[in-house]
Protein chains: 2
Amino acid sequence: MILKSQVEWALHCCAILAGLPEGRYLSTKALAEFHGLPKEYLSKALQSLSQAGLVHTTLGPSGGYRLARTPAELTFLDIVEAVEGKARTFVCNNIRENNPCRPQGYCESSPCAVSRFMWEADEAWRAKLRSVRLSDLTEALAQEIPAELWKSSFEWVLERAG
Amino acid sequence: MILKSQVEWALHCCAILAGLPEGRYLSTKALAEFHGLPKEYLSKALQSLSQAGLVHTTLGPSGGYRLARTPAELTFLDIVEAVEGKARTFVCNNIRENNPCRPQGYCESSPCAVSRFMWEADEAWRAKLRSVRLSDLTEALAQEIPAELWKSSFEWVLERAG
DNA sequence: GCTGTGTTACTCGGATATGATTTGTCCGAGTAACGTTGG
DNA sequence: CCAACGTTACTCGGACAAATCATATCCGAGTAACACAGC
């Protein structure tokens, strides 16, 4: 059970978009080039973000993406769920129904204990993701990236932002 | 990102094994029949448990599996990791290395901020799983399963336990 | 009665097949900025 | 000078291909209990 690499891509792209000045857009091409990713496939991840309403998009030249909310209003969970879906990581197939001792027509009342425990763990994971905001990520990145690289990257992006 | 159904199977099977009297074994065949699962494939899940040291196995007739520890000493995390592996659910492909502004020979110090946050969430999930013991599951099951079904199931298992 | 042998029922592990999902590519439709043309 | 038109660069979405993983199935090797034969 491993998250799609699109999740990683979407997070990194959002971090870049978070640094974009108000009202400007960055194209898939620029994002793909910056991260060394296949443009066409990355566009799938960005489309997921767009469908989830996390980013705005404009068509035509100088079009592209920008965040739909401020980095403080966007959580990791928003981004992960946009790409990976909101479905729980554990699905219960109700195999208890196959119990040969089970009387005919016996109807299960509620989800079985196994799935309840697994869903609690899933919720703990989501709660942690919900607690991390995109602004927390940009702050952490600003600390760990050398100031010079940070600055040149920002300029690289600005040159391509429409 | 969805856990394998083998995880669900392993948890249910451990719940059954937890009710087994000391020193007795239950075969894959019986476990598969009880849960309505393909015997051959279920055996892969049980093999995983065996390799992780969570269950003991005996060969020959009246052979099968039994828990290697008491249900109070077995956690959900033990079982999930035995089947699903201990690898983190988020893998960092270090796409920051592709940054075109990055100077030649620049060496990343530590894992990037994105993966650190994702790994924290992963750890929250594991911590939750670690906090649930197999004995907690059997207690919950005992409460939600009608006493009659519980008893007949136990007898069904005992008839087949070697 | 006791020992040795064969049979049986099981686990274990490898090889293989199938289907789903992930990853990646390609192309056409629609759109907005911009330049160009015609009045 | 201004409006209409065409070009261009982008997004969006669908169709499709390849690779990887999950889900099975099959079979042979090894093992332990048991039955049975021979002493």
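The chains referred to below are lettered A, B, ... by the order of the sequence lines, with proteins before strands, and numbering in each begins at 1. What you see is a predicted model; the values in this text were computed from it and never measured.
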Problem - Shortest non-hydrogen contact from B:L67 toward B:A18 - result: CD1-CA, 3.6 Å
Handout entry: Shortest non-hydrogen contact from B:S131 toward B:D136
Key = O-OD2, 3.9 Å
Whole angstrom value for the distance that separates [atom2] of [N] from [atom1] of [X]:
{"X": "A:Q47", "N": "D:dA15", "atom1": "CD", "atom2": "P", "answer": "14 Å"}
{"X": "A:I2", "N": "D:dT20", "atom1": "CD1", "atom2": "C1'", "answer": "11 Å"}
{"X": "A:L59", "N": "D:dT11", "atom1": "CG", "atom2": "C1'", "answer": "5 Å"}
{"X": "A:H56", "N": "D:dC12", "atom1": "NE2", "atom2": "P", "answer": "11 Å"}
{"X": "A:L46", "N": "C:dT23", "atom1": "CG", "atom2": "P", "answer": "15 Å"}
{"X": "B:E84", "N": "D:dC21", "atom1": "CD", "atom2": "C1'", "answer": "11 Å"}

Exercise for the section: May I ask you to check whether A:F117 and B:F76 place their ring centers less than 6.0 Å from one another? Expected result: yes
Problem - salt_bridge(A:E155, A:K151) N-O dist < 4.0 Å - result: yes
Completion exercise
Contact check, residues 21-45 of chain A vs DNA chain D, heavy-atom distance under 4.0 Å, returns A:S27, A:T28, A:K44
Completion exercise
Separation between CG (A:L74) and CZ (A:R133), nearest 0.5 Å, reads 11.5 Å
Completion exercise
By nearest-heavy-atom nucleotide on DNA chain C, the more 5' of A:T58 and A:S5 is A:S5
Handout entry: Sub-4.5 Å side-chain heavy-atom contact between A:W150 and A:P146
Key = no
Fill in the blank from the handout: Of the candidates C:dC12, C:dT8, D:dT8, the side chain of A:P61 sits closest to D:dT8
Practice task
Consider the side chain of B:W9, meaning its heavy atoms from C-beta on, and name the nucleotide among C:dT23, D:dA24, D:dA33 that approaches it most closely.
Solution key: D:dA24
Exercise for the section: Give a yes/no on whether any side-chain N or O of B:T57 is located under 4.0 angstrom from OP1 or OP2 of C:dC12. Expected result: yes
Exercise for the section: Check whether any side-chain nitrogen or oxygen of A:Q51 sits under 4.0 Å from OP1 or OP2 of D:dC12, and answer yes or no. Expected result: no
Fill in the blank from the handout: In A:R88, A:K128, A:R130, the residue satisfying side-chain hydrogen bond (donor to acceptor under 3.5 Å, both in side chains) with A:E123 is A:R130
